[in-house]
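Heads up: the structure comes next, in structure tokens.
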Amino acid sequence: MPETITDVADVIYKTDALIAQDIDAYLETHQHKTMLRFITCGSVDDGKSTLIGRLLYDSKMIFEDQLAALESDSKKQGTQGQAIDFALLVDGLAAEREQGITIDVAYRFFNTEKRKFIVADCPGHEQYTRNMVTGASTADLAVILIDARKGVLVQTRRHSYLCHLLGIRNIVLAVNKMDLVDYSQARFDEIVADYRAFATSIGIDTFTALPISGFAGDNVTAPSANTPWYTGPSLIAHLETVPVRGADDLARPFRMPVQWVNRPNLDFRGFSGLIASGSVKPGDAVRVLPSGKTSTVTRIVTLEGDLDQALAGQAITLCLADEIDCSRGDVLALADAPPEVADQFQATLVWMADEALTPGRAYWLKLGTQTVSATVRTPEYVVNVNTMEHLAAKTLELNAIGVAEVVTDKPLVFEPYTESRTLGGFILIDKISNATVGAGMLEFSLRRAQNVHWQALDVTRKAHAALKMQQPAVLWFTGLSGSGKSTIANLVEKKLHALGKHTFLLDGDNVRHGLNKDLGFTDADRIENIRRVGEVAKLMTDAGLIVLTAFISPFRAERELVRSLLPEGEFIEVFIDTPLEDAEKRDVKGLYKKARSGQLQNFTGIDSPYERPENPEIRVDTRRESPEDAAERIVERVIGAWMPVI
Amino acid sequence: MNMPSLTHLQRLEAEAIHIMREVVAEAQAPVMLYSVGKDSAVMLHLARKAFYPSPPPFPLLHVDTTWKFKAMYELRDRMARESGMELLVYQNPEAKARGINPFDHGALHTDMWKTEGLKQALDLHGFDAAFGGARRDEEKSRAKERIFSFRTASHGWDPKNQRPELWNLYNARKNKGESIRVFPISNWTELDIWQYIHLNDVPIVPLYFADERPTVERDGMLLMVDDDRFPLRPGEEPVMRSIRFRTLGCYPLTGAVESTAKTLPEVIQETLLTTTSERQGRAIDKDAGGAGMEVKKQQGYF
Ligand SMILES: Nc1nc2c(ncn2[C@@H]2O[C@H](COP(=O)(O)OP(=O)(O)OP(=O)(O)O)[C@@H](O)[C@H]2O)c(=O)[nH]1
Ligand SMILES: [Mg+2]
């Protein structure tokens with residue numbers, strides 16, 4: 001066991017003979033090395049970071065100055081007394097070193113004679129699961145560590161399950177800290193049997209088990225004399241020989257999500273992207289999805305000259321024989337074997353935000369180079385990672401794993417995640433904060449978009465509006481209960497009507513009693529209420545109308561959803577800004593009194609939030625402006641902004 | 001069937017190109033930070049490959065300190081010409097007015113010219129995504145950073161609250177004023193960079209190769225006397241030594257190594273056989289205890 005630097009210095013600085021004698025030969029070998037990406041994961045303190053520190057150290061990736069720093073840091077911040085704490089080589093953030101834990105993934109690199117390795121050291125704490133998932137998503141292999149004294153724990157199960165979900169098919173079970181259980185074969189066998197029972201239950205059929213000590217180095221780079229009963233390879237020897245990803249991808253049909261259209265001048269139009277699967281060469285027939293148009297590849301263009309062929313994993317630019325419509329978000333595919341297109345899916349989701357999933361709310365969904373607006377329905381179930389039971393759930397909390405239906409506003413070109421990480425893996429982005437809140441894996445489509453035939457309407461939206469001689473719009477009034485939304489909206493409608501405009505007012509009275517009578521006042525119902533009103537308003541603008549809506553619509557995300565349904569400029573948010581005390585004082589319908597006395601729940605402003613618009617097109621301060629003046633100003637603003645329709 | 005698999009350099013190259021194209025497709029105003037070092041050289045080469053036959057559709061930004069090696073300014077101007085890209089040079093006017101320099105002002109020099117200068121330049125032009133050539137193998141807090149590294153409106157980095165980053169799906173969305181630093185060569189090592197330069201004939205500053213150069217030894221570092229602004233201390237006399245540099249920054253802050261490596265394979269050979277890390281020649285990492293770089297990045301250093 002290395003207690004000081006000098007004990008091991010000889011080993012570390014033993015120079016590689018080939019480098020010293022024949023650098024060209026060395027470079028030639030190095031140039032043809034393959035790359036394996038792997039992670040270390042498992043429960044808190046099982047020794048993940050220590051193992052990586054050890055791998056770096058033993059593969060001579062640590063320089064003298066770093067080693068000197070490690071030695072002094074180990075004494076100051078280490079968890080191993082005076083001995084070297086290898087975890088400090090990897091736990092690079094101040095907060096991690098202070099607490100002796102890993103918070104975020106560290107990416108480290110080392111080479112052996114056979115391969116280059118990128119290893120992502122994942123945090124064990126449940127709190128940081130999203131960081132573990134980040135590391136695991138790009139891995140070809142996972143080393144799952146177990147503390148030999150503790151055996152299989154909840155986090156061992158959670159991480160194994162996540163690795164399996166993310167499609168990592170090479171699993172190594174490293175039973176660590178064997179030095180603390182006297183290198184007992186019985187203990188090792190017991191843990192492996194335990195793990196096997198669990199692994200089989202989640203679909204992990206094979207894994208490779210090794211007894212190791214990251215701290216002392218047993219079976220890490222070389223077989224250990226302390227475990228004569230173990231005859232398998234060392235960890236490194238195993239990592240050097242497992243197959244790397246890529247072969248599977250290459251064997252499948254050609255797919256390339258179009259990232260960017262390269263158009264330096266009128267004579268060149270190329271489509272750039274990373275090949276997700278298969279290979280392509282000039283002369284190949286390809287199909288553009290979702291449009292379905294076909295063409296032929298003419299060239300594969302690079303700075304160093306045209307290529308005869310390009311393979312999965314390469315980032316290329318190719319040209320087509322025909323001037324067909326193709327842009328970012330489209331997928332180029334082998335003409336005879338195109339992927340599916342759909343807009344409703346079943347997906348497994350991992351939730352990554354402190355704020356739970358809101359079913360029905362619109363999020364951005366990014367898959368490959370496609371970004372669409374999507375909603376998640378109430379989950380079918382969440383998984384209890386300890387028992388693998390399916391539990392009923394209304395939402396997904398931070399770190400929950402569940403299955404739910406996902407509905408997109410536009411058709412997506414996709415493949416099941418098990419067949420393609422690129423066309424099956426997606427992230428969900430909050431539309432207001434822009435945070436990445438969830439990740440998902442598409443399983444299958446619930447309805448093929450090909451079957452939905454959009455009626456090609458000859459009487460267009462434009463034609464409807466032209467006949468009415470007006471520019472359609474939605475005047476979206478929002479504000480607290482009793483702020484004066486309906487009063488002002490009514491005035492505006494009267495004035496527009498007097499000017500010969502075709503309008504329609506949607507408010508609680510005409511919507512709640514019919515279209516939305518099945519909805520209550522929970523957050524989910526309020527969201528659905530607004531979604532339906534938004535869709536109806538949109539149809540009415542398609543019919544050429546100027547629509548006025550008067551709903552509290554307390555959530556920013558839903559108002560933004562409606563905005564995104566409409567063409568630019570047609571959504572006019574009118575914020576009736578009345579302080580709560582004024583609205584409460586008026587209390588026309590006596591609702592505030594009921595809410596205050598607890599007879600009414602989920603009342604906006606009292607026990608349910610109102611999210612003020614950040615940049616409303618129009619804001620009415622009811623303390624300063626009379627309803628009459630406000631209505632006049634809104635009409636002017638709206639009419640004034642309109643261009644005559646030709 | 002024996003399927004061909006890509007080598008590690010091919011995979012790294014494809015990853016970097018993919019990242020650059022994502023940024024161009026999703027950001028409003030991208031820019032490439034160009035420091036003229038070997039990592040910048042590789043980044044620029046990758047950008048030319050990513051967008052060929054178009055020139056890379058963003059400008060190069062050099063946040064200058066006025067204290068770079070002469071040879072760096074020469075290569076910078078040449079590469080801008082050859083790549084057909086616009087070159088923006090920014091020098092912090094306040095640092096200039098106050099005559100901030102590495103000899104008299106120590107840490108303040110880096111802070112004002114580089115950290116402040118960078119923030120000012122990004123704000124001035126309204127860039128919302130900036131490519132940087134940092135690598136994860138350089139330093140322990142870099143090893144923790146995402147490829148798309150989100151910055152607040154005041155350019156701060158929050159290492160404990162980074163966005164999840166799955167597969168090769170990057171979330172480039174941000175609110176007004178916020179920005180993203182993007183590191184396309186995050187997963188490259190120093191050796192990968194050298195080998196790529198070797199295989200692709202990427203032009204680099206000649207200072208990376210050994211030559212006889214005027215030097216003085218000071219505070220355990222071998223410094224090159226690049227121009228006559230170098231104040232010699234009593235008893236100091238420039239001595240010609242065969243030296244080269246592993247990284248390039250401001251010449252008064254960058255330590256050289258004694259070397260005879262005149263070709264790339266020789267440089268690589270020395271790199272592989274050396275026992276000290278690349279950043280050892282840099283003064284910046286030694287500030288603020290063990291967390292020097294992390295603290296600097298929270299303040300807006302690249
Ligand atoms: N005796 C012994 N101790 C070990 C071994 N591996 C790790 N340790 C110690 O176990 C403790 C936790 O190690 P870490 O490497 O930080 O654990 P981790 O799994 O990375 O922890 P998190 O990332 O925070 O989940 C440290 O004190 C290590 O020195 C081992 O093989 N033998
Ligand atoms: Mg750890």
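A note on names: the letters A, B, ... follow the listed sequences, proteins ahead of strands, and every chain is numbered from 1.
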Inset, instruction - Could you tell me which portion of B/E13 (side chain, backbone, both or neither) has an atom closer than 4.5 angstrom to a non-hydrogen atom of chain A? - result: neither
Legend entry - Region of B/P57 that comes under 4.5 Å of a non-hydrogen atom in chain A: side chain
Which answer fits [X], side chain, backbone, both or neither, if we ask what part of it has an atom under 4.5 Å from a heavy atom of chain B?
{"X": "A/A435", "answer": "backbone"}
{"X": "A/V437", "answer": "neither"}
{"X": "A/S433", "answer": "backbone"}
{"X": "A/N265", "answer": "neither"}
{"X": "A/Q31", "answer": "both"}
{"X": "A/K366", "answer": "both"}
{"X": "A/F268", "answer": "side chain"}
{"X": "A/S327", "answer": "neither"}
{"X": "A/I427", "answer": "both"}
{"X": "A/T302", "answer": "backbone"}

Legend entry - Note, B/F131 side chain near B/F58 side chain (heavy atom, < 4.5 Å): yes
Inset, instruction - Measure the shortest side-chain to side-chain distance between B/Y170 and B/I180 over non-hydrogen atoms and say whether it is less than 4.5 angstrom. - result: no
Pick whichever of [options] has the most heavy-atom pairs under 4.5 Å with chain B.
{"options": "A/T34, A/D91, A/D104", "result": "A/D104"}
{"options": "A/R421, A/R130, A/K33", "result": "A/K33"}
{"options": "A/V90, A/V301, A/I429, A/I103", "result": "A/I429"}
{"options": "A/E304, A/H32, A/R263", "result": "A/E304"}
{"options": "A/M35, A/Q314, A/M352", "result": "A/M35"}
{"options": "A/E96, A/K76, A/R115", "result": "A/E96"}

In terms of heavy-atom pairs under 4.5 Å, which option from [options] contacts chain A the most?
{"options": "B/N200, B/L191, B/V24", "value": "B/L191"}
{"options": "B/R163, B/H198, B/H18", "value": "B/H18"}
{"options": "B/I268, B/L166, B/T7", "value": "B/L166"}
{"options": "B/E165, B/E266, B/Q10, B/Q195", "value": "B/Q195"}
{"options": "B/R136, B/E15, B/R21, B/Q269", "value": "B/R21"}
{"options": "B/N175, B/L9, B/I17", "value": "B/N175"}

Inset, instruction - Over all heavy atoms of both residues, which pair between A/A310 and A/I316 is shortest? Give the atoms and the distance, please. - result: CB-CG2, 3.7 Å
Inset, instruction - Calculate, to the nearest 0.5 Å, the distance between atoms CG and CE belonging to A/L166 and A/M441 respectively. - result: 5.0 Å
Legend entry - Approximate separation, where rounding is to 0.5 Å, of A/M256 CE and A/T317 OG1: 7.5 Å
Legend entry - For A/T422, side chain to side chain contact (heavy atoms under 4.5 Å, CB included) partners two or more places apart: A/P257, A/A276, A/S420
Under a 4.0 Å N-O cut-off, is there an ion pair linking [X] with [Y]?
{"X": "A/R328", "Y": "B/E22", "value": "yes"}
{"X": "B/R151", "Y": "B/E145", "value": "yes"}
{"X": "A/R108", "Y": "A/D121", "value": "no"}
{"X": "B/D192", "Y": "B/R135", "value": "no"}

Legend entry - Distance-only polar pair, side chains of B/E139 and B/S141, donor-acceptor under 3.5 Å: yes
Legend entry - By ring-ring contact (aromatic ring centres under 6.0 Å, His included) - contacts of A/F117 (at least two apart): A/F110
Legend entry - Main-chain N/O of B/F51 paired with A/N262 side-chain donor or acceptor, under 3.5 Å: yes
Legend entry - Test salt bridge (charged side-chain N to carboxylate O under 4.0 Å, His left out) applied to B/E258 and B/R244, step by step: CA-CA 7 Å; B/E258 287 200 76; B/R244 66 177 182 87; over 6 Å; no
